[in-house]
Trainee: 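Please see the structure below; I have some questions.
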Amino acid sequence: MDKMIKNATLSFNGKTIDLPIMQPTVGPEVIDIRKLYGQGDVFTYDPGFTSTAACDSAITYIDGDKGELLYRGYPIEQLAEKSHFLEVCYLLLYGELPDEGQMKDFEARVTNHTMVHEQMHYFFRGFRRDSHPMATMVGVVGAMSAFYHDSTDINDPWQREVAAIRMIAKLPTIAAMAYKYSLGQPFVYPKNSLDYPSNFLHMCFAVPCEDYVVDPILSKAMDRIMMLHADHEQNASTSTVRLAGSSGANPFACVAAGIACLWGPAHGGANQACLEMLREIGTVENIPDAIRRAKDKSDPFRLMGFGHRVYKNFDPRAKVMKESADEVLDLLGIHNNETLKVAKELERIALEDEYFVEKKLYPNVDFYSGIILEAMGFPTSMFTPIFAVSRTVGWISQWKEMIGDPTQKIGRPRQLYIGQTRRDYTDLAKR
Ligand code: ACO
């Protein structure tokens, strides 16, 4: 398809420059400014990339106004209802839904890679027990490049494939180990007779001295959390993975960079921050004060779990997550928990409050995922690691897409320099 069929004209400083307009399959047209500096000697300015496309991608599409999320064209609601996480992984990685044979083969390949190198156990022991599991994960995932040398050559498609499978398979094991380590409990080895989400729950909650049977409803809820977080186009952590990868860094190092970025409270750290906020609010009577603070520009407090850079309508993932939250809480018989009461009331008030309605600040996926994870028995510190486990397939799919793109270049943003102009060095005695 010819992507360049029209031009935009930019006039400034007495110059006129024609800029091609690129056509997406769906979504806004994109003005190609690659030649702008060469022809016009100017940069564009867009901190936060609010209007800048940094790459082509055929993986995920979001329409923030409609509240739509598509993985390879398939709506997230349909996938959440009919698919499962490993099938979504296949879809994101290879572009199409698998047939039965392809699915079995993919499941077998992932399952055969769930154990980590035994020496990694010693690596974990170097961390303090009270380390945040995200801190441990950044370190351990980065260290995978030291343990799996045979899949770090990014120019070899087979090694890229093996690295992708290794990361999808081992991230749950690494996250569960980080959790077990923080508890002072023995690591639980993966159990290949279990499906992917059940295996993760087993590694987190089983202990060697008693049997642990995974509840299918909890396993389904975990599978959904994973599907809903699997990819989200060019978000901060994915862009970090792409930028790190653009220099030719190996995929394990790039995903470790993505995990570091995800940790921030404005991104993946929001689910932990949200639950902590709900607990801090404590009771329904304190909600009006929290709402007042969230609106006050002189107060840095924000309602965590509300708002999104792209969604200016209900986050479609939040709708599915809300249903899952109801199912899990019903199963576990949690109805009168104070945190839940605060969450429900906060949601009700924020959806009616003029400030939130006007700014289109709806509850996002993190608002509900934290409630489910807490009910399942996870401490808040594990919420973001679970997000990292789920997003690994998105990071690696986007990284593979970038490496396979012949037009890919090292990422190198420009700047609007506002510092000192050239000046001469002053000797210490004269300052
Ligand atoms: N509480 C109160 N006010 C808010 C909130 C909030 N959660 N979010 C945005 N606003 C206000 C801002 O103060 C701003 O007001 P103004 O126009 O009067 O200055 C307006 O809404 C727009 O907000 P921005 O920060 O400019 O929007 P941006 O797109 O940069 O930020 C973000 C999006 C970071 C998600 C923001 O909404 C936020 O901080 N939310 C809380 C954290 C959170 O839940 N993050 C999870 C994101 S989803 C994910 O990563 C899976």
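Below, each value reflects all heavy atoms present in this structure, side chains not excepted, and no hydrogens, waters or symmetry copies. Both ligands and their constituent atoms are indexed starting at 1 by order of listing.
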Trainee: With sequence neighbours left out, write down each residue that passes side-chain contact (heavy atoms from CB on, under 4.5 Å) with Asp405, or none if nothing qualifies.
Mentor: Thr407, Gln408

Trainee: Do we see a donor-acceptor contact under 3.5 Å between the side chains of Thr380 and Glu374?
Mentor: no

Trainee: Quick one: which residue pairs count as a ring pair (Phe, Tyr, Trp, His ring centres under 6.0 Å) with a foot in residues 238-270, not counting sequence neighbours?
Mentor: His132-Trp263

Trainee: Considering residues at least two apart in sequence or located in another chain, which fulfil the side-chain contact (heavy atoms from CB on, under 4.5 Å) criterion with Thr392?
Mentor: Met167, Leu171, Trp395

Trainee: Would you check if Val88 and Val393 make a side-chain contact, meaning some heavy-atom pair closer than 4.5 Å?
Mentor: no

Trainee: Dump all N/O pairs between ligand 1 and the protein below 3.5 Å as a table: atom names plus distance, one pair per row.
Mentor:
unit_1	atom_1	unit_2	atom_2	d
ligand 1	1 (N)	Leu303	N	3.1
ligand 1	3 (N)	Tyr355	OH	3.0
ligand 1	7 (N)	Leu303	O	2.7
ligand 1	7 (N)	Phe306	O	3.0
ligand 1	13 (O)	Lys297	NZ	2.9
ligand 1	13 (O)	Arg302	NH2	3.3
ligand 1	15 (O)	Lys297	NZ	3.2
ligand 1	18 (O)	Lys297	NZ	3.2
ligand 1	18 (O)	Lys359	NZ	2.8
ligand 1	25 (O)	Arg302	NH1	3.0
ligand 1	25 (O)	Arg302	NH2	2.9
ligand 1	29 (O)	Arg309	NE	2.8
ligand 1	30 (O)	Arg309	NH2	3.0
ligand 1	39 (O)	Arg302	NH1	2.8
ligand 1	40 (N)	Phe306	O	3.0
ligand 1	44 (O)	Gly305	N	2.8
ligand 1	44 (O)	Asn364	ND2	3.0
ligand 1	45 (N)	Ala266	O	3.3
ligand 1	50 (O)	His267	O	3.3
ligand 1	50 (O)	His267	ND1	3.2

Trainee: Taking the side chain as everything from C-beta on, heavy atoms only, tell me whether Leu70 gets closer than 4.5 Å to Thr60.
Mentor: no

